[in-house]
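Worth knowing before you read on, the calculation uses all heavy atoms, side chains too, and leaves out hydrogens, waters and symmetry mates. Quick note on labels: first sequence line is chain A, next is B, and so on, each numbered from 1. None of these values were measured; they are calculated from a predicted model.
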There are 2 protein chains.
Amino acid sequence: MPETAIRSRKEFGKTIAADITHRLREEIVTCGLPPGEPLRFDVLRERFGASFTTLREALTALTAEGLVDAQEQRGFRVAPVSHQDLVEVTDARVLIEVELIRRSIEKGDDDWEIAVISTLHRLKRIEQRDPEHPLRDPEWKIAHRQFHQALVSACGSATLLSIRAELFDRAERYRHLSANFRPRPRDKAGEHQAIMQAAISRNADQAVQLIETHIRTTADNVAKYAGHLLDAE
Amino acid sequence: MPETAIRSRKEFGKTIAADITHRLREEIVTCGLPPGEPLRFDVLRERFGASFTTLREALTALTAEGLVDAQEQRGFRVAPVSHQDLVEVTDARVLIEVELIRRSIEKGDDDWEIAVISTLHRLKRIEQRDPEHPLRDPEWKIAHRQFHQALVSACGSATLLSIRAELFDRAERYRHLSANFRPRPRDKAGEHQAIMQAAISRNADQAVQLIETHIRTTADNVAKYAGHLLDAE
DNA sequence: TCGGACCATATTTTCGAAAATACTAGCTAT
DNA sequence: ATAGCTAGTATTTTCGAAAATATGGTCCGA
């Protein structure tokens, strides 16, 4: 069986469609495909090397995640950004993340504590190595995501975790949007450390308060430095 | 242009795929396609008269909504039910619905009040007409859905409304599951009336409390009367 | 008897062509 | 001039065939 040529595309799933979904999500979240960009099939076909139908399946999945906007009979485009959407995503994240942190702190066992501590440790290592532009570093992004994921992982609800993941991606897109205009990232390392400590010491109220501030501050910075990109056009 | 033959399928959207998605969702929510049922393409092809790819697109969309379960390379099946899933859906609904009711009560204007009152009125009319098995009556289902939708419609967050809608469908499936085993529906009419009054009089705390009880009681009844169908197989 | 390899069949997944629909530009009539 | 129509082009949407993969049964050797 010819192996590499075909398999090389399937890094993130057994099917090509799942793989394309993953790659497209990545491109959209990092604004490699900018908000509002029309997603024409010939272009995507060229770029991803898949057929109409496979691409369509991926776009349908991403539409449900709020990253793509389907206009019936008139194709797809990258979901536009707006001030309103940023506010909605931020509020929804706070609502859900706060609840999940509480539950995780209540239910988290030893493995949960270990996961929180070790993902933060990795994050800090990466930040030490290259403290410049975190969002530019794919490794930092993954470590950052995994730390926040670990914090809520013991909540016990796959349903809410999946909603949370969706909102996280939508928020991350806004972070990328503002990354190029932000003068210097604030001290996230300290915030993460504080959150971890509150969580491990089972201080739910403090953890919740820190997380809410963390999320809202990030969103405020997006509005501040990328505000001119929102609601444009 | 030949009109009826083709258009007759497209009741709920411009594209066939959107239409099939809608019809499949309906079948799954009402348990016409029972939980866990394998969704084979030849069968669906026969039943819905669409091609592989179109069906695949619909199934992908429903997978994202939590109504279909995709097993890569091994096809799709109706999402299974379980006690755990019921609990998760119920908890998530309470979390979100409570928040949206608060926001709607805070922001709702005259149009919102009118929508709440008139959708409840319609619901009661239908209940008077045929007070027997509400869930069997498609009109009651629609009216019921629209009343609850109206209650939260002024919350101001399309993002949260769409998450709410998804969870509502998943919960409705459980209601249908237990409908055949439930001796007699409890007095929902009274509950709806009370919720409406609390909402209109802007008594947020009471509305929230009533809604939470409403949701949890419904879920408890499902567990009570359809418990034997959960976690089976 | 049992486990594993192999083949035949059933099913899903992917593809590119064909049909349907939207868009654009140029024309006509008012 | 301009609104409305029409034809031609661009793009999406749908289809069924073909490829890839899983499933189930049979045979073989231990």
Side-chain angles (χ1 to χ4, degrees), chain A residues 1-24 28 33 36-64 67-80 233, chain B residues 1-24 28 33 36-64 67-80 233:
Chain A
M1 186 192 306
E3 181 69 18
T4 47
I6 294 168
R7 280 290 179 178
S8 66
R9 289 211 203 105
K10 300 192 184 178
E11 290 180 45
F12 306 107
K14 281 189 180 177
T15 66
I16 294 180
D19 190 48
I20 304 271
T21 304
H22 191 282
R23 290 207 282 153
L24 253 171
I28 293 173
L33 289 166
E37 178 94 344
L39 297 166
R40 297 227 182 71
F41 281 98
D42 3 5
V43 180
L44 296 177
R45 210 139 169 280
E46 174 100 17
R47 187 161 185 168
F48 293 96
S51 75
F52 297 108
T53 358
T54 307
L55 286 164
R56 180 161 255 274
E57 188 180 330
L59 290 170
T60 302
L62 294 172
T63 298
L67 291 174
V68 165
D69 186 26
Q71 307 163 288
E72 291 197 335
Q73 305 284 27
R74 303 200 297 140
F76 298 83
R77 61 175 176 166
V78 179
E233 176 197 19
Chain B
M1 185 192 307
E3 181 69 18
T4 47
I6 295 169
R7 280 291 178 177
S8 66
R9 288 212 206 107
K10 300 192 185 178
E11 292 180 45
F12 306 107
K14 282 188 180 177
T15 65
I16 294 180
D19 190 48
I20 303 272
T21 304
H22 190 283
R23 291 207 281 153
L24 251 172
I28 292 173
L33 289 166
E37 178 93 344
L39 296 167
R40 297 227 181 70
F41 281 98
D42 1 1
V43 179
L44 297 176
R45 211 139 169 281
E46 175 101 16
R47 187 161 188 168
F48 293 96
S51 75
F52 298 109
T53 354
T54 307
L55 287 165
R56 180 159 255 274
E57 187 181 330
L59 290 170
T60 303
L62 293 173
T63 298
L67 291 175
V68 166
D69 186 25
Q71 308 162 288
E72 291 197 336
Q73 305 284 25
R74 303 200 298 141
F76 298 84
R77 60 175 177 166
V78 179
E233 175 197 22

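Note on B:Arg74: every side-chain N or O is 4.0 Å or more away from OP1 and OP2 of D:dT21. Applying the 4.0 Å criterion to OP1 and OP2 of C:dC15, one finds that A:Thr54 has a side-chain N or O inside that range. A close approach under 4.0 Å does not occur between any side-chain nitrogen or oxygen of A:Thr15 and OP1 or OP2 of C:dT12.
In this structure, B:Glu72 atom CD and C:dT13 atom P are separated by 8 Å, rounded to whole Å. Nucleotide C:dC23 holds its P atom 10 Å from the CD atom of A:Gln73, rounded to whole Å. Between the CZ atom of A:Phe41 and the P atom of C:dA20 there is a distance of 18 Å, rounded to whole Å. Atom P of nucleotide C:dT11 and atom CD of B:Glu46 are separated by 14 Å, given to the nearest angstrom. Here the C1' atom of nucleotide D:dT12 and the CD atom of A:Glu57 are 17 Å apart, to the nearest Å.
Here the side chains of B:Thr63 and B:Asp69 are not in contact, with every heavy-atom distance at 4.5 Å or above. Taking the side chain as every heavy atom from C-beta outward, A:Leu33 and A:Leu24 approach each other to under 4.5 Å.
The side chain of A:Ile16 has C:dT14 as its nearest neighbour among C:dA17, C:dT14, D:dA22. Among the nucleotides D:dG16, C:dC15, D:dT14, the one closest to the side chain of A:Ser51 is C:dC15. Closest approach to the B:Ala50 side chain among C:dT13, C:dA17, D:dC15 is made by D:dC15 (side chain taken as heavy atoms from C-beta onward). Here the nucleotide nearest the side chain of B:Arg45, chosen from D:dA22, D:dG16, D:dT11, is D:dG16.
The salt bridge (Lys or Arg N to Asp or Glu O under 4.0 Å) contacts involving residues 36-45 of chain B comprise nothing, where partners must be two or more places apart or lie in separate chains.
With DNA chain C read from its 5' end, the first of the two nearest nucleotides for A:Phe52 and B:Arg56 is the one closest to B:Arg56.
Note on B:Leu39: only backbone sugar-phosphate atoms sit closer than 4.0 angstrom, heavy atoms only; bases stay farther off. Using a 4.0 Å heavy-atom criterion, one finds that B:Phe76 contacts the sugar-phosphate atoms exclusively.
A donor-acceptor pair is defined here as one N or O able to donate and one able to accept, closer than 3.5 Å; no such pair exists between the side chain of B:Glu57 and the backbone of A:Glu57. Put simply, the side chain of B:Thr54 never gets that close to the backbone of B:Ala50: no donor and acceptor are under 3.5 Å apart.
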